[in-house]
Amino acid sequence: MVKTPFILRWFLRLLVVAYLVLLVAWPVSLVVRNTFADGFDALAHTFSDPYVVHALKLTAIVAVVSVVINTVFGVTMSLLLVRNTFRGRRILSVLLDIPMSVSPVVVGLALVLVYSPTQGWFGPTLANWGLQVVFSTPGIVMATVFVALPLVIREVVPTLQEVGDEQEWAARSLGANSFQTFTRITLPSIRWAVIYGVVLSLARSLGEYGAVKVVSGNIVGKTQTATLIVEERYQNFDQPTAYATAFLLASAAVACLVVVALLRPKHTAS
Amino acid sequence: MTTATTLTPETGVRPGRAARKRRPARAVSALTRSSGLALGVSLVWFSLLVLIPLAAVVVQASTGGWDGFVKVLQNPQTSAALKLTVVQALGVTLLNVVMGTTIAWVLVRDRFRGAAILDVIIDIPFALPTIVAGLVLLSLYGPKSPIDVNVASTRAAVFLALAFVTLPFVVRTVQPVLEELDTDVEEAASSLGATRLYTFRRVILPSLVPAIVAGAGMAFARGIAEYGSLVLLSGNLPFKTEVASVRIISSIEGGNTASAAVVATILLVIALVVIVALDLLQRRVTKRW
């Protein structure tokens, strides 16, 4: 390797470290400091607030349901895209990437336009059937599923391409039916990609804010999620609660990162 | 980004194995009854969740006709918000091209002690909820800043928030390419008398450009779309720090869905253009390899 000159190397090193410390590391560490400024008081106070507890529960439920939906959809879609050819496959794979690039606010607006019980395309009909989507939990789930949609697919598709389908065909020729082939051959070979996608989806689902804000109606104690609590409390000068809730969300995010970092080498080695 | 679209053709395997891999082509490609059903169900779900709602945005935007569309854009507050969004996203993209490439370079070529920690720090903006990202930045650069830098409710705050959330894109696209890069070519260039700058410009940079462009495209798309991290930090002042997403929210809250849909459609079109451009770019790059 061509050696970079000593001075340039140190200059670049310092520049990068300073940039990352000022932009990410220092601000993040301050949130931790602010949370524990009075020891565990802020956290204890937060957990005794019924609205916050309700919001945390709602966030957890919504995240789990969304991850399950996206995992089933993602694995099915990946198998269809990789193992089959059909008309429009390429367009479909481009369309599946849209949710990542659309502004969360646009996602929220789109769902309201279709599922709002008063003015949406399908909303009034669904409301007649007794199913309220927007300003209710199903809407929050839909918004969360929407924004995290491509994450599982992006992990599973390259792995499926890499492992090929020779073993699947061997199993089929030996008499396994498609369900046996899937559970015994396909699923084990894409296991790490699925887990990786699930963890990424979970992190994204726990933290969704913009789309949920539009869709949920932000009804305190009912459809208010953890991220919405952070905003509301900060603006209402209840900063300890805002910081403590943010700390919980950030810890969950970092935990997901750590899991991914631990999985990554294993996943590429297998 | 568009991994779903990099379908390598089956024929890309070594020629010696091709003969053995031959099998009834129809069985691989055609949809069986059960996979056809699965495709149908998946498409219905995808349409109900994504395609129909996004179409509804475009339909809602076009109810006022072309005149209605133009009228919304002529609203000075809306056009100011759109201009601010595009300018800030472009500025942040440029910053990311320079800093992202530099960070990737340092992480790959200068593995010093502690570089592994930097590697984790890069991913934090990806994982952190956007509202928390805003709060995080506010604690160092807000009114209670321990270093007395208060950028809250200024345009610098918008730039700062966008720089935070877009940090990983260029780094994470350039890093793997740099790792794969053969250092032999660089050594050959320098042994033939090329200066370091010349080697970088003519040997290294050309192979990095597709990755840099891809990362920049994603950073731009994210910058255009950003909302959550700006809520607490930028103050959302009309004509000053109000970006397009915030404008959409205030239109929705004010009951003006038509105008919200117009701005949303513009954001949607920009996102689509970036996705298609990245898809085409990736196709060209994979073909060349």
Side-chain angles (χ1 to χ4, degrees), chain A residues 1-2 9 12-13 15-16 19-20 23-28 30-31 34 73 76-77 80-81 84-86 93-94 96-99 101-106 109-111 113-114 121 142 145-146 153-154 157-158 161 169 178 203 207 209-210 214 227 230-231 234 246 249-250 253 256-257 261, chain B residues 2-5 8 23 29 31 34-35 38-39 42 45 49-50 52-54 56-57 60 99 102-103 106 110 112 118 120-121 123-125 127-132 135-137 139-140 163-164 167 183 186-187 190 221 225 227-228 231-232 245 248-249 252 260 264 267-268 271 274-275 279:
Chain A
M1 197 188 294
V2 186
R9 208 168 72 223
L12 290 177
R13 201 184 279 186
L15 178 71
V16 164
Y19 185 74
L20 292 178
L23 190 61
V24 184
W26 195 358
V28 171
L30 276 179
V31 165
N34 286 339
F73 174 79
T76 312
M77 213 41 158
L80 289 167
L81 282 173
N84 296 282
T85 52
F86 47 89
S93 70
V94 173
L96 284 170
D97 257 345
I98 290 181
S101 307
V102 174
S103 173
V105 176
V106 177
L109 175 67
L111 289 174
L113 285 175
V114 174
W121 287 3
M142 282 185 89
V145 171
F146 190 128
I153 300 176
R154 279 188 193 176
V157 163
Q161 285 167 346
W169 280 99
S178 50
Y209 168 71
V214 179
T227 46
V230 174
E231 184 210 358
Y234 189 86
L249 285 169
C256 290
L257 274 189
Chain B
T2 47
T3 43
T5 56
T8 37
R23 67 182 80 88
S29 54
L31 288 165
S34 58
S35 59
L39 182 66
S42 305
W45 169 241
L49 183 71
V50 177
I52 295 173
L54 290 182
V57 173
Q60 175 72 262
M99 280 315 295
T102 312
I103 293 170
V106 169
D110 183 20
F112 56 96
L118 295 189
V120 175
I121 290 178
D123 274 335
I124 288 182
L128 219 55
T130 49
I131 187 81
V132 178
L135 192 68
V136 157
L137 290 172
S139 60
L140 184 59
F164 183 91
L167 166 72
T183 50
E186 289 164 46
E187 273 158 27
S190 77
Y227 170 68
V231 173
L232 298 178
S245 304
I248 296 175
I249 285 267
I252 297 173
L267 293 191
L268 207 54
V274 172
I275 290 174
D279 185 55

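Labels below follow one simple rule: chain letters A, B, ... track the order of the sequence lines, proteins then strands, and each chain is numbered from 1.
The two residues A/Leu113 and B/Ala56 come nearest to each other via the heavy atoms CD1-O, 3.7 Å. Across B/Val132 and A/Ala250, no two heavy atoms sit closer than the pair CG1-CB, 4.3 Å. Contact detail for B/Ala271 and A/Ser101: the closest heavy-atom pair is CB-O, 3.6 Å. Heavy-atom minimum distance, B/Ala127 versus A/Ala253: O-CB, 3.3 Å. Taking both residues in full, the closest heavy atoms of A/Val28 and B/Val136 are given as N-CG1, 3.5 Å, listed atom of the first, atom of the second, then distance. Shown here for A/Leu23 and B/Ala163, the closest heavy-atom pair between the two residues is CD2-O, 3.7 Å.
Heavy-atom distances place both the backbone and the side chain of A/Thr227 under 4.5 Å from chain B. Within the 4.5 angstrom heavy-atom criterion, only side-chain atoms of B/Val106, from C-beta onward, approach chain A. With a 4.5 Å cut-off on non-hydrogen atoms, B/Leu268 touches chain A through its side chain but not through its backbone. Of the atoms belonging to B/Ile103, heavy atoms from both backbone and side chain fall under 4.5 Å from chain A. For a residue to count as touching a neighbouring chain, one of its non-hydrogen atoms must lie under 4.5 Å from one of that chain's; by this rule B/Leu54 touches chain A with backbone and side chain alike.
The closest side-chain heavy-atom distance from B/Leu167 to A/Tyr19 is below 4.5 Å. The shortest distance between side-chain heavy atoms of A/Tyr234 and B/Ile131 does not fall below 4.5 Å. Using a 4.5 Å cut-off on side-chain heavy atoms (C-beta onward), A/Val214 and B/Tyr227 make no contact.
Checking B/Ser245 against A/Ser103 by side-chain atom types alone, a donor-acceptor pair falls below 3.5 Å.
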Where do B/Ser42 and A/Leu80 land on the side-chain contact (heavy atoms from CB on, under 4.5 Å) test, with the steps shown first?
CA-CA 10 Å; B/Ser42 305; A/Leu80 289 167; 4.2 Å; yes
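Evaluation of the ring pair (Phe, Tyr, Trp, His ring centres under 6.0 Å) rule for A/Phe146 yields no partner, not counting sequence neighbours.
Contact count versus chain B (heavy atoms, under 4.5 Å) is highest, among A/Leu15, A/Leu12, A/Val16, for A/Val16. When the candidates A/Val114, A/Val102, A/Val145 are compared by the number of heavy-atom contacts under 4.5 Å with chain B, A/Val114 comes out ahead.
Distance check: A/Glu231 CD to B/Leu232 CG gives 6.0 Å after rounding to the nearest 0.5 Å. Note: A/Asn34 CG to B/Ser139 OG = 6.0 Å, rounded to the nearest 0.5 Å. Remark: A/Leu249 CG to B/Thr130 OG1 distance equals 10.5 Å, nearest 0.5 Å. Once rounded to the nearest 0.5 Å, the distance linking CG of A/Asp97 with CG of B/Asp279 reads 8.0 Å.
The one candidate from A/Leu111, A/Val106, A/Leu109 that meets the side-chain contact (heavy atoms from CB on, under 4.5 Å) condition with B/Pro53 is A/Leu111.
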